[in-house]
Amino acid sequence: MTTIIVDAQRTPSPHWPVPQERRTVTVLFADIVGSTALVDRLDPEDVRALQRAYFDTVAGVLHRWQGVVEKYVGDAVMALFGARHSDGFDAYRAVRAGLEIQAALDRRPMVGDSRLRVRVGVATGEVVVDLGSAVSGGHGVASGAVITTAARLQEYAPPGAVALCAATARATAGLITQRQLTPVSVAGRVPPMPVWHAVGPVRPGTDRHDGPLIGRRRELATIRDQLSRAIREQDPRWISLVGPTGSGRSRLLHELTRGLTTVDGMPVRWCVATCQPYPDQVMAPAAELLRGLAGVRHGDGPAVVHDRLVAALASLFPPERVAAAIPALQRFLTTPDGSSAALAGAAICRDVLLRLAAHQPLIVAVDDVDRAAPAMSRFLHALFSTATARGLPLALITLHQPQWADTRPSPARRVTIGPLATVQSGRLLRHLLTRAGQPVTLADRLLHLVGGRPGHAAAYVRSIMDGADRVTLPLPDAVRRAVCAELDHLDGERRAVLMAAATIGGVISGGAVDRALGWASGRSAPALRGLVAAGLLLPRRADGYAFVAPALRQVAAERLPRALRAVFGRRAAEAPPLDTVRPDAALPRDHAAADRAGSGRAAAERAGSDRAGSDRAAVSGSGVRRAEVVPLDVVRARDGRLDVVLAVPPSGPTDPLRRGLPSSTMATSPTAPTGGANRSLGFRRLRAVASAGDVPPTRASATPNNAGGHWPAASDRSPATIRAVPAVPGPAGRTAAAAAGAPPDVVRTGPRPPLIRWPTGLAASA
């Protein structure tokens with residue numbers, strides 16, 4: 001077959017200023033087995049009918065699992081998962097789609113008695129994605145070696161099978177039953193490529209939490225208090241545990257179920273369910289609640305299920321009601337889908353929970369509720385509202401991520417789970433490394449990488465156990481998938497701001513982000529505040545932000561193409577205009593008026609006396625005032641005694657490095673008076689704007705700058721390194737400090753480099 005089908009439909013590109021991204025995607029490649037022999041024996045009209053039936057079946061399955069068909073070529077289909085949006089389960093959806101394609105083609109005769117057999121290969125890796133073309137049928141959407149890998153994998157898959165690469169096998173471990181095969185030799189690749197075959201989906205078990213709970217004592221106490229009050233006062237409460245993936249939500253729930261067993265001597269019953277990713281039946285979490293209540297296990301026969309349901313309901317309902325409810329509940333446990341029969345069984349399950357709460361305090365917990373279908377949300381709302389109307393001792397706990405569209409009722413209590421403290425993260429890492437048999441000295445190197453998230457700490461330790469390089473400590477795949485999903489939950493503008501911020505070193509400022517994106521000043525401020533509210537950035541100083549986790553910064557930067565990453569970094573490092581300080585506007589109003597009137601000397605004298613009292617208060621610790629901005633040229637024009645005003649020596653040899661440069665700024669911090677003669681003058685905290693070459697170089701200005709104007713060390717650009725020296729006239733017009741030699745920790749006030757903004761976006765004179 002040589003037919004190429006192209007879907008010409010296009011969707012508008014997202015509101016996002018980057019046309020391309022580097023993304024980790026999963027590629028599915030499906031091809032018909034023996035297509036040439038099949039076409040040779042069919043009539044052309046039958047070939048056309050076969051093509052339509054085959055492509056319709058495959059496209060329908062891919063669409064249901066949110067795959068994007070990149071192209072149809074002959075009888076081959078190539079689809080992308082995670083090309084525009086990732087939920088962290090792209091590989092899982094691709095494998096499920098491959099298995100469903102095989103099952104659908106096995107059940108459906110294509111033409112007459114002809115049945116198609118296909119091979120499917122699934123590979124996961126990094127590509128460059130054209131976001132504007134990431135629609136069904138677009139050509140050239142993605143480029144990368146992973147596409148060739150998927151095509152090679154399907155060649156080695158038996159007919160009717162789904163072959164997986166190593167990255168896909170790791171991403172679906174615990175979700176898909178896999179069988180590893182002997183590595184295969186692929187032309188041009190050394191060593192041989194490992195291959196797994198997907199067998200089918202599995203029901204994930206509950207996570208083991210056999211270690212101690214580290215941190216979270218405050219959150220644990222808050223939740224226990226709310227649960228106890230709901231039971232004690234018979235006032236149902238809905239408590240929502242909110243935190244990103246890896247924050248330890250499930251671990252905290254496990255500690256609650258283990259520790260809160262009684263309230264005021266009354267035993268508490270727990271019913272816990274977890275919403276699995278993309279469940280086959282929408283009401284599966286409600287069925288899990290019923291299974292836990294009755295003690296029914298997966299795999300139990302009909303007779304065992306019947307007996308355990310009867311035992312659970314006998315004390316709650318009259319015998320005739322039990323006999324009528326058992327068949328409906330059995331059907332519900334078998335197929336908890338969205339059918340009318342299943343919804344009727346869910347209603348009986350809700351009634352069972354309410355009857356149980358009337359006999360004994362009950363806590364219902366649902367983990368990962370953001371994965372639940374709307375029908376499951378309606379089930380929980382009906383349970384809570386009925387319990388509230390009846391005044392039952394019932395509490396409901398739901399766990400979800402921050403970006404979930406919150407559908408909780410208004411009285412729900414929200415408990416946010418933030419990052420662990422540094423000390424707690426260190427304790428957790430040492431515990432995990434010890435249990436894994438790894439040297440605890442690695443905890444110091446991992447501490448700054450985990451970002452206070454227990455899940456990230458566990459992933460790094462697991463990757464080290466699997467043979468990850470201890471020197472480079474690469475980002476684990478599990479962490480990368482979770483972070484990519486966090487990024488893709490953002491709208492286009494906030495994602496652009498976050499990715500541009502990732503190219504800026506140190507503390508991030510709104511001005512630096514605006515320059516990186518080429519935006520007008522202040523445009524990124526709302527997006528930055530939104531990222532703080534979403535728990536992705538932390539406020540630092542004035543107009544400064546930092547990433548909550550290093551992994552978030554790394555992934556956000558790596559998603560940008562190399563050329564655009566360099567452009568963003570160069571723009572962010574560019575210095576802003578140096579004339580941002582207007583001398584007249586910076587002066588006090590009365591001083592500016594006096595200067596315009598020509599009474600410069602009077603204004604300078606008034607500057608030294610009017611604020612003496614307030615400056616002495618600042619020195620004594622009662623409060624520090626914001627630095628004034630005073631042009632040194634104006635002060636010199638009004639008063640030649642600069643040593644009185646700023647305590648600097650008179651003008652000396654001009655520093656050749658400063659000749660011809662624009663005005664620079666400097667900050668003088670208030671210094672305690674050292675001499676009685678100077679105490680009457682007071683000490684003014686000034687930020688002066690000096691003309692180049694007017695003040696001789698000092699030890700502070702003698703440190704050479706690099707070509708970009710950056711100071712060589714962080715300590716050199718600290719405002720505290722420039723101190724005001726008290727002015728006491730000495731011989732030959734020199735100050736006493738200059739004559740006697742300033743103390744080692746005192747540096748005379750001198751000109752700073754030109755007003756610039758560092759890569760952090762903070763002014764050098766801040």
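- Every salt bridge (Lys or Arg N to Asp or Glu O under 4.0 Å) that D488 has, sequence neighbours left out, goes to R23, R495, R559.
- We find that R413 and D225 are not joined by a salt bridge, their nearest charged nitrogen and carboxylate oxygen being 4.0 Å or further apart.
- Note: F89 and Y278 have perpendicular aromatic rings, judged against thresholds of 30 and 60 degrees for the angle between ring planes.
- For R258, the salt bridge (Lys or Arg N to Asp or Glu O under 4.0 Å) partners two or more places apart in sequence, or in a different chain, are E255.
- By the salt bridge (Lys or Arg N to Asp or Glu O under 4.0 Å) test, R553 is found to be paired with no residue, residues two or more places apart in sequence or in another chain being considered.
- Here the side chains of L260 and W270 are in contact, with some heavy-atom distance below 4.5 Å.
- Under the rule for a salt bridge (Lys or Arg N to Asp or Glu O under 4.0 Å), the partners of R435 that lie at least two apart in sequence or sit in another chain are D210.
- By the side chain to side chain donor-acceptor pair (under 3.5 Å) test, H298 pairs with R203, E288, sequence neighbours left out.
- Separation of atoms CE (M499) and CG (L487) is listed at 7.0 Å; rounding is to 0.5 Å.
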Under 3.5 Å, which donor-acceptor pairs link side chains of residues 450-460 to any protein atom two or more places apart or in another chain?
unit_1: R453; atom_1: NH1; unit_2: T245; atom_2: O; d: 3.4
unit_1: R453; atom_1: NH1; unit_2: E486; atom_2: OE2; d: 2.7
unit_1: R453; atom_1: NH2; unit_2: E486; atom_2: OE1; d: 3.3

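- Listed for the S228 side chain is a donor-acceptor partner under 3.5 Å among the backbone atoms of R224.
- Listed by chain and number, the residues in a side chain to side chain contact (heavy atoms under 4.5 Å, CB included) with Q178 are L164, A169, T172, I176, W196 (sequence neighbours excluded).
- Annotation: side chain to side chain donor-acceptor pair (under 3.5 Å) contacts of D300 (sequence neighbours excluded): R308.
- Not counting sequence neighbours, the partners of H85 by the ring pair (Phe, Tyr, Trp, His ring centres under 6.0 Å) test are H489.
- Applying the side chain to side chain donor-acceptor pair (under 3.5 Å) rule to R430 yields no partners; only residues at least two apart in sequence or on another chain are considered.
- Legend: residues meeting side chain to side chain donor-acceptor pair (under 3.5 Å) with R170, ordered by chain and number and at least two apart, are D477.
- Legend: residues meeting side chain to side chain contact (heavy atoms under 4.5 Å, CB included) with E100, ordered by chain and number and at least two apart, are V61, R64, W65.
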